[in-house]
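Index from 1, following the sequence.
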Amino acid sequence: MSVIIGLTGSIATGKSTVSKMFKEWEIPVVDADQIARNVVKPGEPAYEKIVEHFGEKVLYENGMLNRKKLGEIVFNDEEERKRLNSFIHPEIRKEMIRQRESHVANGEPAVVLDIPLLFESKLFDYVDKVLVVYVEPEVQLERLMERDESGKEEALSRIQSQISITEKKDRADAIIDNTDSVDHSREQLKDILREWGIENKIYKNSNIF
(Lines give C-alpha, C1' and ligand atoms only; values in the text may rest on other atoms or scores of the structure.)
Protein backbone atom coordinates (compact mmCIF):
# COMPACT_ATOMS: atom_id res chain seq x y z
CA MET A 1 0.00 0.00 0.00
CA SER A 2 1.37 3.40 -0.99
CA VAL A 3 2.12 6.07 1.59
CA ILE A 4 0.97 9.48 0.31
CA ILE A 5 3.20 12.28 1.59
CA GLY A 6 2.03 15.88 1.46
CA LEU A 7 5.12 18.07 1.05
CA THR A 8 4.65 21.73 1.88
CA GLY A 9 6.22 24.76 3.52
CA SER A 10 5.98 28.49 3.05
CA ILE A 11 7.53 30.98 0.67
CA ALA A 12 11.35 30.93 0.84
CA THR A 13 11.63 27.97 3.23
CA GLY A 14 13.22 25.70 0.61
CA LYS A 15 10.49 23.19 -0.20
CA SER A 16 11.75 22.77 -3.78
CA THR A 17 15.11 21.59 -2.43
CA VAL A 18 13.41 18.72 -0.60
CA SER A 19 11.14 17.97 -3.56
CA LYS A 20 14.27 17.55 -5.68
CA MET A 21 15.59 14.96 -3.18
CA PHE A 22 12.51 12.80 -3.64
CA LYS A 23 12.93 12.99 -7.40
CA GLU A 24 16.61 12.06 -7.18
CA TRP A 25 15.59 8.97 -5.19
CA GLU A 26 12.99 8.13 -7.87
CA ILE A 27 10.05 8.64 -5.52
CA PRO A 28 7.26 10.05 -7.73
CA VAL A 29 6.33 13.68 -7.09
CA VAL A 30 2.99 15.17 -8.11
CA ASP A 31 3.80 18.87 -8.55
CA ALA A 32 0.78 21.10 -7.91
CA ASP A 33 2.54 24.19 -9.30
CA GLN A 34 3.34 22.44 -12.57
CA ILE A 35 -0.22 21.18 -12.83
CA ALA A 36 -1.50 24.72 -12.19
CA ARG A 37 0.53 25.92 -15.18
CA ASN A 38 -0.68 23.09 -17.37
CA VAL A 39 -4.42 23.51 -16.68
CA VAL A 40 -4.42 27.07 -18.04
CA LYS A 41 -2.83 26.20 -21.38
CA PRO A 42 -4.90 26.88 -24.51
CA GLY A 43 -7.55 24.26 -25.08
CA GLU A 44 -7.84 23.24 -21.42
CA PRO A 45 -11.25 23.67 -19.71
CA ALA A 46 -9.93 26.19 -17.15
CA TYR A 47 -8.34 28.28 -19.93
CA GLU A 48 -11.60 28.41 -21.85
CA LYS A 49 -13.53 29.55 -18.75
CA ILE A 50 -10.93 32.22 -17.96
CA VAL A 51 -11.05 33.68 -21.47
CA GLU A 52 -14.85 33.54 -21.53
CA HIS A 53 -15.10 35.44 -18.24
CA PHE A 54 -12.15 37.86 -18.35
CA GLY A 55 -11.87 38.34 -22.09
CA GLU A 56 -8.89 38.27 -24.43
CA LYS A 57 -7.24 41.13 -22.57
CA VAL A 58 -5.68 38.50 -20.28
CA LEU A 59 -3.93 36.81 -23.22
CA TYR A 60 -0.65 37.41 -25.00
CA GLU A 61 -0.75 37.81 -28.76
CA ASN A 62 0.15 34.13 -29.17
CA GLY A 63 -2.93 33.11 -27.17
CA MET A 64 -1.08 32.07 -24.01
CA LEU A 65 -2.39 33.31 -20.67
CA ASN A 66 -0.84 36.55 -19.41
CA ARG A 67 -0.55 35.68 -15.72
CA LYS A 68 0.66 39.14 -14.74
CA LYS A 69 -2.32 40.85 -16.38
CA LEU A 70 -4.73 38.37 -14.82
CA GLY A 71 -3.07 38.85 -11.44
CA GLU A 72 -3.51 42.60 -11.65
CA ILE A 73 -7.24 42.13 -12.21
CA VAL A 74 -7.88 39.76 -9.32
CA PHE A 75 -5.33 41.11 -6.81
CA ASN A 76 -7.65 43.69 -5.25
CA ASP A 77 -10.97 42.12 -6.20
CA GLU A 78 -12.03 39.33 -3.87
CA GLU A 79 -15.01 38.28 -5.99
CA GLU A 80 -12.97 38.03 -9.17
CA ARG A 81 -10.27 36.09 -7.33
CA LYS A 82 -12.86 33.61 -6.10
CA ARG A 83 -14.24 33.31 -9.62
CA LEU A 84 -10.76 32.62 -11.01
CA ASN A 85 -10.12 30.01 -8.33
CA SER A 86 -13.41 28.32 -9.14
CA PHE A 87 -12.15 27.83 -12.70
CA ILE A 88 -8.66 26.61 -11.82
CA HIS A 89 -8.76 24.74 -8.51
CA PRO A 90 -11.15 21.92 -9.51
CA GLU A 91 -8.99 21.14 -12.55
CA ILE A 92 -5.79 21.15 -10.48
CA ARG A 93 -7.30 18.82 -7.89
CA LYS A 94 -8.70 16.49 -10.52
CA GLU A 95 -5.28 16.14 -12.16
CA MET A 96 -3.50 15.72 -8.81
CA ILE A 97 -5.81 12.85 -7.91
CA ARG A 98 -5.40 11.29 -11.35
CA GLN A 99 -1.60 11.33 -11.07
CA ARG A 100 -1.66 10.13 -7.47
CA GLU A 101 -3.92 7.19 -8.30
CA SER A 102 -1.82 6.30 -11.34
CA HIS A 103 1.30 6.00 -9.17
CA VAL A 104 -0.59 4.01 -6.55
CA ALA A 105 -1.89 1.64 -9.24
CA ASN A 106 1.70 1.16 -10.39
CA GLY A 107 2.56 -0.12 -6.92
CA GLU A 108 4.78 2.78 -5.84
CA PRO A 109 5.59 2.44 -2.10
CA ALA A 110 5.41 6.22 -1.66
CA VAL A 111 3.98 9.13 -3.63
CA VAL A 112 4.69 12.79 -2.84
CA LEU A 113 2.11 15.51 -3.41
CA ASP A 114 4.12 18.74 -3.60
CA ILE A 115 1.49 21.31 -2.60
CA PRO A 116 2.73 24.80 -1.60
CA LEU A 117 -0.67 25.81 -0.16
CA LEU A 118 -1.66 22.46 1.36
CA PHE A 119 -2.73 24.08 4.64
CA GLU A 120 -4.38 27.09 3.05
CA SER A 121 -6.34 24.83 0.68
CA LYS A 122 -7.15 22.28 3.42
CA LEU A 123 -6.09 19.30 1.29
CA PHE A 124 -5.27 17.01 4.21
CA ASP A 125 -7.61 14.31 2.91
CA TYR A 126 -5.38 13.94 -0.14
CA VAL A 127 -2.42 12.67 1.91
CA ASP A 128 -1.49 10.28 4.72
CA LYS A 129 1.41 12.30 6.15
CA VAL A 130 2.19 16.02 6.11
CA LEU A 131 5.88 16.97 5.83
CA VAL A 132 6.71 20.65 6.37
CA VAL A 133 9.97 22.27 5.27
CA TYR A 134 10.71 24.80 7.99
CA VAL A 135 13.01 27.71 8.77
CA GLU A 136 12.69 30.29 11.55
CA PRO A 137 10.50 33.25 10.52
CA GLU A 138 13.48 35.65 10.68
CA VAL A 139 15.45 33.42 8.32
CA GLN A 140 12.44 33.14 6.00
CA LEU A 141 12.15 36.93 5.78
CA GLU A 142 15.87 37.36 5.17
CA ARG A 143 15.93 34.71 2.43
CA LEU A 144 12.88 36.12 0.68
CA MET A 145 14.28 39.66 0.66
CA GLU A 146 17.57 38.36 -0.74
CA ARG A 147 15.95 36.06 -3.31
CA ASP A 148 13.52 38.63 -4.72
CA GLU A 149 15.63 41.70 -4.01
CA SER A 150 12.60 43.15 -2.24
CA GLY A 151 12.13 45.47 0.71
CA LYS A 152 11.13 44.30 4.17
CA GLU A 153 7.55 45.57 3.93
CA GLU A 154 6.89 43.87 0.59
CA ALA A 155 8.45 40.60 1.77
CA LEU A 156 6.45 40.62 5.01
CA SER A 157 3.25 41.23 3.06
CA ARG A 158 3.88 38.12 0.93
CA ILE A 159 4.75 36.00 3.96
CA GLN A 160 1.67 37.14 5.86
CA SER A 161 -0.62 36.23 2.95
CA GLN A 162 -0.01 32.58 3.91
CA ILE A 163 -0.55 30.64 7.13
CA SER A 164 2.55 31.18 9.26
CA ILE A 165 5.36 28.65 8.97
CA THR A 166 5.28 28.27 12.76
CA GLU A 167 1.63 27.13 12.68
CA LYS A 168 2.38 24.75 9.84
CA LYS A 169 5.28 23.28 11.80
CA ASP A 170 3.03 22.70 14.81
CA ARG A 171 0.42 20.90 12.68
CA ALA A 172 2.83 18.72 10.66
CA ASP A 173 3.45 15.00 11.05
CA ALA A 174 7.16 15.73 10.56
CA ILE A 175 9.37 18.72 9.78
CA ILE A 176 12.67 19.27 8.03
CA ASP A 177 14.61 22.20 9.47
CA ASN A 178 16.11 23.67 6.33
CA THR A 179 18.19 26.33 8.07
CA ASP A 180 21.49 24.54 7.66
CA SER A 181 23.06 22.75 4.67
CA VAL A 182 21.36 20.67 1.97
CA ASP A 183 23.16 17.62 3.34
CA HIS A 184 21.68 18.22 6.78
CA SER A 185 18.18 18.46 5.29
CA ARG A 186 18.81 15.28 3.31
CA GLU A 187 19.77 13.38 6.48
CA GLN A 188 16.62 14.60 8.22
CA LEU A 189 14.52 13.36 5.30
CA LYS A 190 16.18 9.95 5.44
CA ASP A 191 15.41 9.74 9.16
CA ILE A 192 11.77 10.63 8.56
CA LEU A 193 11.37 8.00 5.85
CA ARG A 194 12.94 5.43 8.16
CA GLU A 195 10.54 6.41 10.92
CA TRP A 196 7.60 6.06 8.54
CA GLY A 197 8.84 2.63 7.42
CA ILE A 198 9.18 3.68 3.79
CA GLU A 199 12.90 3.29 3.10
CA ASN A 200 12.94 -0.51 3.29
CA LYS A 201 10.19 -0.75 0.69
CA ILE A 202 11.96 1.58 -1.73
CA TYR A 203 15.65 1.05 -1.23
CA LYS A 204 16.18 -2.61 -0.35
CA ASN A 205 19.06 -2.77 -2.83
CA SER A 206 20.24 0.81 -2.54
CA ASN A 207 23.07 2.47 -0.62
CA ILE A 208 21.10 5.70 -0.22
CA PHE A 209 20.12 4.61 3.24
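- In this structure the side chain of I198 reaches within 4.5 angstrom of the side chain of I5, judged on heavy atoms.
- At distances below 3.5 Å, at least one donor-acceptor pair connects side-chain atoms of D173 with backbone N or O atoms of V130.
- For E56, the CD atom sits in a loose shell: 12 or fewer heavy atoms of surrounding residues, nucleotides or ligands are nearer than 6.0 Å.
- Although no hydrogens or angles enter the test, the distance criterion places a donor-acceptor pair under 3.5 Å between the side chain of S161 and the main chain of R158.
- Transitive grouping of hydrophobic side chains (ILVMFWY, heavy atoms separated by less than 4.5 Å) keeps V132 and V29 in distinct clusters.
- Using a 4.5 Å cut-off on side-chain heavy atoms (C-beta onward), L144 and I159 make contact.
- For K57, the NZ atom counts as densely surrounded, since its 6.0 Å shell holds more than 12 non-hydrogen atoms of other residues, nucleotides or ligands.
- The CZ atom of R186 sits 11.0 Å away from the CG atom of N178 when rounded to the nearest 0.5 Å.
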Legend entry - Check against side chain to side chain contact (heavy atoms under 4.5 Å, CB included), L84 and F54: CA-CA 9 Å; L84 176 63; F54 292 98; 4.2 Å; yes
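- In this structure, I35 CD1 and K94 NZ are separated by 12.5 Å, a value rounded to the nearest 0.5 Å.
- Hydrophobic clustering (side-chain heavy atoms under 4.5 Å, transitive across Ile, Leu, Val, Met, Phe, Trp, Tyr) keeps L113 apart from I27.
- With contacts defined as side-chain heavy-atom distances shorter than 4.5 Å, the pair L7/I115 does not qualify.
- Under the 4.5 Å side-chain criterion, counting only non-hydrogen atoms from C-beta, L123 is not in contact with D125.
- Shown here is E146, whose CD atom has no more than 12 heavy atoms of other residues, nucleotides or ligands within 6.0 Å.
- Taking a cutoff of 4.0 Å between a charged side-chain nitrogen and a carboxylate oxygen, R171 and E167 qualify as a salt bridge.
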Inset, instruction - Evaluate side chain to side chain contact (heavy atoms under 4.5 Å, CB included) for E154 paired with M145, printing each intermediate quantity in order. - result: CA-CA 8 Å; E154 180 185 349; M145 290 171 63; over 6 Å; no
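- Under 4.0 Å is where a charged nitrogen must lie from a carboxylate oxygen, and between R100 and E108 no such pair does.
- Checked by atom type and distance alone, the side chain of T13 never pairs as donor or acceptor with a backbone atom of V135 at under 3.5 Å.
- Looking only at side-chain heavy atoms (C-beta outward), K23 and D31 come within less than 4.5 Å of each other.
- Counting heavy atoms from C-beta on, the side chains of S185 and M21 come closer than 4.5 Å.
- In this structure, I165 is not a member of the same hydrophobic cluster as I11, with clusters built from ILVMFWY side-chain heavy atoms closer than 4.5 Å.
- Under the 3.5 Å distance criterion, with hydrogens and angles disregarded, no donor-acceptor pair is assigned to the side chains of Q140 and E136.
- In this structure, V30 and H103 have side chains that are in contact, with non-hydrogen atoms separated by less than 4.5 Å.
- Taking the charged nitrogens against the carboxylate oxygens, D77 and R83 have no contact shorter than 4.0 Å, which rules out a salt bridge.
- Taking CD1 of I73 as the reference point, atom NZ of K68 lies at 13.0 Å (rounded to 0.5 Å).
- To the nearest 0.5 Å, atom CD1 of residue I175 and atom CD1 of residue I192 are 8.0 Å apart.
- Not a single donor-acceptor pair under 3.5 Å links the side chain of S157 to the backbone N or O of E153.
- Tracing side-chain contacts under 4.5 Å through hydrophobic residues (I, L, V, M, F, W, Y), one reaches V112 starting from W25; they form part of the same cluster.
- Applying the ring pair (Phe, Tyr, Trp, His ring centres under 6.0 Å) test to residues at least two apart or on different chains, the pairs with a partner in residues 106-151 are F119-F124.
- Closest non-hydrogen pair, R93 versus S121, comes out as NH2-O, 3.6 Å.
- The two atoms that bring L118 and G6 nearest to each other are CD1-CA, 3.8 Å, heavy atoms only.
- Under the 4.5 Å side-chain criterion, counting only non-hydrogen atoms from C-beta, V133 is in contact with V18.
- When all heavy atoms of K168 and S10 are compared, the pair lying nearest together is NZ-OG, 3.1 Å.
- Each of Q188, R194, E195 was checked for a side chain to side chain contact (heavy atoms under 4.5 Å, CB included) with D191, and the lone residue meeting it is R194.
- No donor-acceptor distance shorter than 3.5 angstrom exists from the side chain of D148 to the backbone of S150, with no hydrogens or angles considered.
- Between the CD atom in Q162 and the CD atom in Q160 there is a gap of 11.0 Å [rounded to 0.5 Å].
- Residue-environment remark: CD (E142) stays at or below the threshold of 12 foreign heavy atoms within 6.0 Å.
- When every heavy atom of H184 is checked against every heavy atom of D177, the shortest pair comes out as ND1-O, 4.1 Å.
- There is no path of hydrophobic side-chain contacts, each under 4.5 Å, that joins I4 to F22.
- Under the 3.5 Å distance criterion, with hydrogens and angles disregarded, no donor-acceptor pair is assigned to the side chains of D183 and S181.
- For the atom pair E80 CD and H53 NE2, the distance stands at 3.5 Å (nearest 0.5 Å).
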Distance-only donor-acceptor hits, side chain of residues 39-52, under 3.5 Å, sequence neighbours excluded:
{"from": "K41", "atom 1": "NZ", "to": "N38", "atom 2": "OD1", "distance (Å)": "3.3"}
{"from": "Y47", "atom 1": "OH", "to": "G63", "atom 2": "O", "distance (Å)": "2.5"}

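- Here the shortest heavy-atom pairing between D114 and K15 reads OD1-NZ, 2.6 Å.
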